[in-house]
K.L.:
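Got a structure for you, written out below as structure tokens; questions coming shortly.
Throughout, protein chains are lettered first and strands after them, A, B, ... in sequence-line order, and every chain is numbered starting at 1.
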Amino acid sequence: MELFSNANDFLLWVRGDAFNIALGLFIIGVLVRILEIFLLGRKKDFSEARGTQWGPGLRNIVSRSVVDNGTFKRAPFVVVVGYIWHICFFIVLFLFIPHIELINALLGIQWPGLASQLVDAATVVAMVSLVAMLWHRLTHPVLKFLSTYEDYVVWFVTFLPLLTGYMAFHRMIDPYPLALGLHILSVELLMVIFPFTKLMHAFTLFIARWYTGAMMGRKGIVS
Amino acid sequence: MNKKTLFESLQQQGITRRGFMKYCTALTSLMALPPSMIPMVANALETAKRPSVIWLSFQECTGCAESLLRSHSPTVEGLIFDHISLDYQHTLQVAAGDAAEHAREQAMKEHHGKYLVVVDGSIPLADPGYSTIAGISNLDMLNETIEGAAAVVAVGTCSAFGGLPQAAPNPTGAVSVSSLVKDKPVINVPGCPPIPTVITGVLAHYLTFGSIPELDNLGRPKVFYGQSIHDRCYRRPFYDKGLFAETFDDEGAKKGWCLYRLGCKGPMTYNACATLKWNQQTSWPVESGHGCLGCSEPNFWDAGSFYKALSIPDGDYAKAAGYAVAAGVAVGAAAGFANQKNKANAVSQHTKVTVDDFGENKDK
Ligand code: SF4
Ligand code: SF4
């Protein structure tokens, strides 16, 4: 590795220039995608409104997180594992102290964290659920047919930070600066790919749910 | 020079056989060897000749030599240091100028192929004039001295990795010993300064076994640098429980909680502070309430603030984010308006399908 004279050099680059580049691309990408959606605008609706938009829109953002019976009956695996995955992922991302420190440095907000053993357990569950979902995708004939190249790329870049983070925490890669560097680099990869793939759902879901709720609210339908 | 064995010179100082064995026991455990090795260590020391050591000081602050001098007799470090033959060390020796250089040349000639060279400080390559001794540039003196050396010990982070002189913008073009010495074994003993026991421990290993200890991928002896500060830190249970001091004088700090949030670099630092401690095992930095700076690692001066958590990026991310927001808004707006125009164009150029488009009329 002539690019970096040692693991610390690598870690320095990953924490310095590489992070700035990744953060820059992430922000640009997300802004472009969201502005594109908003600037496309909505057609003027000439019908008389039967109800308000904001209340139902906001309510819909929350209420759509509750599983409806029909969906559950049709795809219990996706619902259950999907829930487990997202909860564990949020625990790992937002309740691990070093992550909170990072968020605090970037945004100036912080909250209490969890003991690292709990975060560690959540990491394992998150990884297992991701693997289970990949297995489901590969064995379910319809799902497999519908899967594109992008789906596998997204799975991979989401799995990598968990794996490298787990390995760094347990010091399975020697020396540690290399382990930490690989973890941060894998997150940077995720940040760069994020705006241009389905991962954008983390942002667009709010827009989509609000819009659905608002439309229904306007028509006077309870969403 | 002194031809007495170590045991003989200890005897001369009135140290008994019992004292000597005690010393061997301490030494054995210092080198992280099993107790069954004590007789072997004793035997080696009884017959070992005091090796000649030439100590070269280049771009350094004398902190490393000071650290070594803080070793107190009759501790291991004191004994060892009394019993190597330090033939040249321009801070400590009485002779100066030509006489001093003469001592160095003589030691080199007499012990050709057998002497140890200890280096503290980095070597300036930008201009040899930045650091000279008796009119000889550091680079020339290093090359000349290591020619007949058995091994080179780079003591301190400056000589092991470039250290402070090499920190950005590195005005003197400072480099480490290992980047210059390729044909001799180089043992890196980094630290700013290194723990005195570690310096003497490495010398002791050489004295006992006549060979260099096993090294990690940065050339550091694994016995002392094999584990990270974090792995051996007594505050580690607090880290695992998520209990952190947030300022240097809050409740957490008083209760001895983990210093990660205050910038402790223990997780990425390989050194023996947490086990060997400092000042005759009185305490060590983390124990006295300050996070580890990472002083035994390359580039530690350039690795961002000492008081920022390790997980925080150290570039100017606020600036990067600012530019990105501006660029994102500009590109997003441009793309949005282009899309709107596209849409408008599509609407205006939309031609309606008529019956003429179908059937027989199609190609007419
Ligand atoms: S004080 Fe530093 S070395 Fe000790 S557990 Fe906390 S982070 Fe690790
Ligand atoms: S605690 Fe860290 S910074 Fe302090 S002396 Fe030890 S390795 Fe160096």
K.L.:
Where is the tightest heavy-atom contact between A:L102 and B:P313, given as atom of each residue plus distance?
P.N.:
CD1-CD, 3.2 Å
K.L.:
Among all residues two or more places apart in sequence or in another chain, which pass the side chain to side chain donor-acceptor pair (under 3.5 Å) test with A:T52?
P.N.:
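Testing A:T52 for side chain to side chain donor-acceptor pair (under 3.5 Å), a comparison that skips the adjacent residues, returns none.
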K.L.:
Which atoms of A:F38 come close to chain B, meaning under 4.5 Å heavy atom to heavy atom: side chain ones, backbone ones, both, or neither?
P.N.:
neither
K.L.:
Quick one: which of A:G113, A:A18, A:P175 has the most heavy-atom pairs under 4.5 Å with chain B, could you say?
P.N.:
A:P175
K.L.:
Pick one of side chain, backbone, both or neither for B:L243, based on which atoms fall under 4.5 Å of a heavy atom in chain A.
P.N.:
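For B:L243, no heavy atom lies under 4.5 Å from chain A.
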K.L.:
If you tally heavy-atom pairs under 4.5 Å against chain A, which of B:A321, B:A335, B:G242, B:P267 wins?
P.N.:
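Ranked by contacts with chain A, first place is B:P267.
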K.L.:
Quick one: donor-acceptor pairs between chain A and chain B, under 3.5 Å, side chains and backbone, table format.
P.N.:
residue: A:N8; atom: ND2; partner: B:P298; partner atom: O; Å: 3.3
residue: A:D9; atom: OD1; partner: B:N299; partner atom: ND2; Å: 2.6
residue: A:R15; atom: O; partner: B:D314; partner atom: N; Å: 3.1
residue: A:R15; atom: NE; partner: B:L310; partner atom: O; Å: 3.3
residue: A:R15; atom: NE; partner: B:I312; partner atom: O; Å: 3.4
residue: A:R15; atom: NH2; partner: B:I312; partner atom: O; Å: 2.9
residue: A:E36; atom: OE2; partner: B:N339; partner atom: ND2; Å: 3.0
residue: A:L39; atom: O; partner: B:Q340; partner atom: NE2; Å: 2.2
residue: A:L40; atom: O; partner: B:K343; partner atom: NZ; Å: 3.3
residue: A:P98; atom: O; partner: B:S311; partner atom: OG; Å: 2.6
residue: A:E101; atom: OE2; partner: B:R261; partner atom: NE; Å: 2.5
residue: A:S116; atom: N; partner: B:D240; partner atom: O; Å: 2.8
residue: A:S116; atom: OG; partner: B:D240; partner atom: O; Å: 3.0
residue: A:S116; atom: OG; partner: B:D240; partner atom: OD1; Å: 3.2
residue: A:R171; atom: NE; partner: B:D231; partner atom: OD1; Å: 3.3
residue: A:R171; atom: NH1; partner: B:S228; partner atom: OG; Å: 3.4
residue: A:R171; atom: NH1; partner: B:P267; partner atom: O; Å: 3.4
residue: A:R171; atom: NH2; partner: B:P267; partner atom: O; Å: 2.5
residue: A:Y176; atom: N; partner: B:Y270; partner atom: OH; Å: 2.9

K.L.:
State, to 0.1 Å, how close A:V32 and B:G328 come at their nearest heavy-atom pair, and which atoms those are.
P.N.:
CG2-O, 3.7 Å
K.L.:
With a 4.5 angstrom heavy-atom cut-off, which part of B:F244 approaches chain A: side chain, backbone, both or neither?
P.N.:
side chain
K.L.:
Would a 4.5 Å heavy-atom cut-off, applied to side chains only, mark A:L11 and B:M268 as touching?
P.N.:
yes
K.L.:
Does A:F156 CZ have over 12 foreign heavy atoms under 6.0 Å away?
P.N.:
no
K.L.:
Under 4.5 Å, counting heavy-atom pairs only, tell me which of A:G24, A:G29, A:G41, A:A105 racks up the most with chain B.
P.N.:
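Top option by heavy-atom pairs under 4.5 Å: A:A105.
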K.L.:
Pick one of side chain, backbone, both or neither for A:L40, based on which atoms fall under 4.5 Å of a heavy atom in chain B.
P.N.:
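Interface part for A:L40: both.
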K.L.:
Can you list the residues that meet the side chain to side chain contact (heavy atoms under 4.5 Å, CB included) rule with A:V79, with sequence neighbours excluded?
P.N.:
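A:V79 satisfies side chain to side chain contact (heavy atoms under 4.5 Å, CB included) with A:V67, A:T71, A:F72, A:Y83 once adjacent residues are dropped.
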K.L.:
Please identify, among B:A318, B:A320, B:A326, the residue contributing the most non-hydrogen atom pairs under 4.5 Å to chain A.
P.N.:
B:A320
K.L.:
Name the option with the most non-hydrogen atom pairs under 4.5 Å to chain A; the candidates are B:A330, B:A327, B:A333.
P.N.:
B:A333
K.L.:
Please name all residues satisfying side chain to side chain contact (heavy atoms under 4.5 Å, CB included) with A:F89, sequence neighbours left out, ordered by chain then number.
P.N.:
A:W85, A:L93
